[in-house]
Amino acid sequence: MLFSSIVFLSFFLPVVTVLYFIARQEFRNTILLIASLVFYTFGEPIYVLALLGVTGVTWLAALVLNALPRRGGVFSALFYGVLITTVSGILGVLFYFKYRYFAGDILIRAGWIDEPFAKTVLPLGISFYTFQSLSYLADVAAKTVPAEKNPLRLLLYISFFPQLVAGPILKYHDIAPQLTNRVHTLANAAAGLRRFMIGLGKKVLIANTLGETVDKIFALPADELSVAVCWIGAAFYTLQLYYDFSGYSDMAIGLGRLFGFRFKENFNYPYVARSLTDFWRRWHMSLSGWFKEYVYIPLGGNKRGFIRTLFNLGLVFFLTGLWHGADWTFIVWGLWHGGLIIAEKILKKIDDSAFPRFLTPFKHVYLIIAVLIGWVIFRADSLSYAHSYLGVMLGLNTSTPDYGLFYYVSEFQLIVFALAALGATGILKKAAVTDPEASAMQITLSNLWCFTVLAASFLFLVASSFNPFIYFRF
């Protein structure tokens with residue numbers, strides 16, 4: 001079920017909200033849990049078994065880890081045995097559904113096997129709920145939180161429908177107190193709904209509009225595209241992806257707030273960054289924060305020398321690319337970002353002031369070009385297509401375009417692109433007031449704006465059949 005579907009907006013969300021707020025306090029988590037399982041099984045009933053299986057194993061393992069000491073004799077060995085076995089099992093589930101066919105293709109190319117592994121359907125949200133399970137295990141193993149004795153409460157943390165299929169990734173230690181004690185106010189609920197409406201508008205009005213042009217361009221061989229069309233395709237995809245994913249995150253954060261939860265932000269205007277290091281402090285912050293806390297820091301972070309720091313960064317970005325998908329394009333995209341960040345670290349180590357002051361504005365130009373190139377690799381169906389597309393885009397490959405620019409993009413889409421580029425700078429960020437303490441005038445104007453966006457989104461949804469969520473496939 002999509003947040004931007006008529007079924008969700010007209011039936012599912014209103015019904016769940018009414019049931020939640022008329023219920024007594026002790027039954028509200030149960031309502032959210034049932035709603036989350038219904039939400040997940042709406043499209044893929046059979047794969048809820050994987051979700052329940054991962055949660056059940058995680059719950060049992062955490063109880064054992066909670067009872068065992070981390071250090072000292074045979075019980076310590078048992079502690080790490082349980083931890084390693086459970087983590088391996090969860091990653092094994094992720095591997096089976098997401099990476100098995102990719103691994104088989106590698107083995108075929110290496111000559112180790114003759115037949116490819118069978119393809120499997122990727123369950124929605126598996127990359128997100130497995131990472132949340134690992135977060136919980138890591139927190140319990142580190143003794144920073146006690147194990148959750150109630151399996152239904154743990155299942156709610158892992159399956160909570162606002163963030164289940166596309167994040168943001170919730171760390172258990174951040175959300176655990178809210179599972180048992182959260183405050184509900186009319187002002188907070190209204191602020192959450194406004195946030196949801198803005199996210200819906202970003203997805204339906206902007207991302208979907210830009211996505212129609214992107215799909216049309218990337219569906220053709222690169223040698224049939226002109227340089228200008230390739231740049232348009234890359235630029236449109238850069239904003240489509242941002243508005244699609246940040247719009248989903250806004251909707252998830254808004255829904256969480258409606259039900260009394262406070263999720264951390266997932267985006268902070270990444271395209272205003274002036275380095276890739278800064279970009280990753282602003283883009284998909286829940287994922288980069290997860291890798292930092294559970295991979296980068298345990299590996300030593302920046303505490304074991306400069307060379308080890310660079311290695312740790314490279315490994316984290318390799319894993320970041322691999323997390324996004326079982327394809328070489330995602331791995332190369334991750335290594336592209338990791339390699340440039342390593343280069344930034346090396347330049348800063350050599351001389352923090354090596355970049356002349358008068359060239360500072362060009363840092364942003366470098367960032368945008370680096371990100372554009374990365375998104376082409378990310379969007380391409382194969383590395384060969386990415387190579388051809390980038391070749392045309394950078395004027396290195398010749399092409400014989402069949403159509404002019406306006407075959408691919410309309411004047412309306414160019415206007416939407418221009419407004420989207422303006423919005424990505426943060427200039428319009430105060431349009432939706434999310435502070436419940438704001439003045440009555442601010443809230444009234446924000447409500448008017450948000451309901452206008454909601455109405456326009458409904459009209460677009462009714463009139464259009466193009467409504468994918470990009471990050472659902474990760």
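Note that these values count all heavy atoms, side chains included, but never hydrogens, waters or copies made by symmetry. The structure presented is a predicted model; accordingly, all values stated were derived computationally and were not measured.
Put simply, the side chain of L414 reaches to within 4.5 Å of the side chain of F406, judged on heavy atoms. Side-chain contact between I373 and W336 is present, with at least one heavy-atom pair separated by less than 4.5 Å. Taking 4.5 Å as the limit, some side-chain heavy atom of F102 sits within range of a side-chain heavy atom of I331. Taking the side chain as every heavy atom from C-beta outward, I6 and F458 approach each other to under 4.5 Å. Considering only heavy atoms from C-beta on, V371 comes within 4.5 Å of L276 through its side chain. Side-chain contact check for I206 versus L239: every heavy-atom pair is 4.5 Å or farther apart. Between F267 and R282, the closest side-chain pair of non-hydrogen atoms is not below 4.5 Å. The side-chain heavy atoms of K98 and S127, taken from C-beta on, include a pair separated by under 4.5 Å.
For an aromatic pair to be called close, the ring centres must be under 6.0 Å apart, and W323 with F291 fails this. The distance between the ring centers of W375 and W231 does not fall below 6.0 angstrom. Ring-centre distance between F330 and W333: not below the 6.0 Å cut-off. Between Y40 and Y47, the gap from one ring centroid to the other reaches at least 6.0 Å.
Under the salt bridge (Lys or Arg N to Asp or Glu O under 4.0 Å) criterion, E344 pairs with no residue, sequence neighbours left out. In this structure, the side-chain hydrogen bond (donor to acceptor under 3.5 Å, both in side chains) partners of S384, at least two apart in sequence or on a different chain, are S382. With sequence neighbours excluded, the residues forming a side-chain hydrogen bond (donor to acceptor under 3.5 Å, both in side chains) with S249 are N266, listed by chain and number. Contacts of Y136 classified as ring pair (Phe, Tyr, Trp, His ring centres under 6.0 Å), with partners at least two apart in sequence or in another chain: Y172. Evaluation of the ring pair (Phe, Tyr, Trp, His ring centres under 6.0 Å) rule for W59 yields no partner, not counting sequence neighbours. Take S135 and apply the side-chain hydrogen bond (donor to acceptor under 3.5 Å, both in side chains) test, not counting sequence neighbours, and it matches Y294. In terms of the side-chain hydrogen bond (donor to acceptor under 3.5 Å, both in side chains) criterion, W328 has no residue partners (sequence neighbours excluded).
Residue pairs meeting the salt bridge (charged side-chain N to carboxylate O under 4.0 Å, His left out) criterion with at least one member in residues 152-164, sequence neighbours excluded, are E148-R153. Within the structure, every pair that satisfies the ring pair (Phe, Tyr, Trp, His ring centres under 6.0 Å) test and touches residues 185-230, not counting sequence neighbours, is listed here: F218-Y389. The side-chain hydrogen bond (donor to acceptor under 3.5 Å, both in side chains) analysis of residues 407-424, with sequence neighbours excluded, yields the pairs T213-Q413, S410-Q413. The side-chain hydrogen bond (donor to acceptor under 3.5 Å, both in side chains) contacts involving residues 48-58 comprise nothing, where partners must be two or more places apart or lie in separate chains.
Between E265 and R195 there is a salt bridge, since at least one side-chain N of the basic residue sits less than 4.0 Å from a carboxylate O of the acidic one. Here D278 does not pair with R274 in a salt bridge; the nearest charged N to carboxylate O distance is not below 4.0 Å.
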For L137 and I90, run side-chain contact (heavy atoms from CB on, under 4.5 Å): C-alpha distance rounded to whole Å, both residues' side-chain angles, the deciding distance at 0.1 Å, then the answer. CA-CA 11 Å; L137 281 174; I90 294 172; 3.6 Å; yes

Going through the checks in order, is the side-chain contact (heavy atoms from CB on, under 4.5 Å) test met by L200 and Y248? CA-CA 7 Å; L200 180 66; Y248 186 95; over 6 Å; no

Check step by step if side chain to side chain donor-acceptor pair (under 3.5 Å) holds for S286 and K264. CA-CA 8 Å; S286 64; K264 290 186 176 182; over 6 Å; no

side-chain contact (heavy atoms from CB on, under 4.5 Å) between W280 and I341: does it pass, once the steps are laid out? CA-CA 10 Å; W280 277 98; I341 287 176; 3.8 Å; yes

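More than 12 heavy atoms of other shown residues, nucleotides or ligands fall within 6.0 angstrom of atom NE2 in H173. Other residues, nucleotides and ligands contribute more than 12 heavy atoms inside 6.0 Å of the OH atom of Y20. For K216, the NZ atom counts as densely surrounded, since its 6.0 Å shell holds more than 12 non-hydrogen atoms of other residues, nucleotides or ligands. Applying the 6.0 Å contact sphere to CD1 of I46 captures no more than 12 heavy atoms from other residues, nucleotides or ligands. More than 12 heavy atoms of other residues, nucleotides or ligands shown are found within 6.0 angstrom of CG on N268.
Taking the six-membered ring where the residue is Trp, H184 and F21 present perpendicular rings, their angle passing 60° and hence far from 30°. In this pair, F161 and F39 present their aromatic rings tilted. The plane angle is within the 30 to 60° band.
Donor-acceptor pairing under 3.5 Å is recorded for the side chains of N447 and R194. Donor-acceptor pairing under 3.5 Å is recorded for the side chains of S246 and K202.
Checked options F279, F417, Y271; the residue passing with Y242 is Y271 (criterion: ring-ring contact (aromatic ring centres under 6.0 Å, His included)).
Judged by distance alone, with hydrogens and angles left aside, the side-chain atoms of Y243 form a donor-acceptor pair with the main-chain N or O of A420 at under 3.5 Å. Side-chain atoms of S288 come within 3.5 Å of backbone N or O of M285 as a donor-acceptor pair. Side chain of R262 to main chain of R257: no donor-acceptor pair is present (N/O by atom type, distance under 3.5 Å, no hydrogens or angles).
Annotation: cation-pi pair R100/Y96 present, NZ/CZ under 6.0 Å from the ring centroid and within 45° of its normal.
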Solution key, residues 162-171 side-chain donor-acceptor pairs under 3.5 Å, sequence neighbours excluded:
unit_1, atom_1, unit_2, atom_2, d
Q163, OE1, Q132, NE2, 3.4
Q163, NE2, F160, O, 2.9
K171, NZ, G289, O, 3.4
K171, NZ, E293, OE1, 2.9

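Nearest approach of S133 to I158, heavy atoms of both residues: OG-CD1, 3.4 Å.
Here the straight-line distance linking atom CG of L33 with atom CG of L154 works out to 10.5 Å at 0.5 Å rounding.
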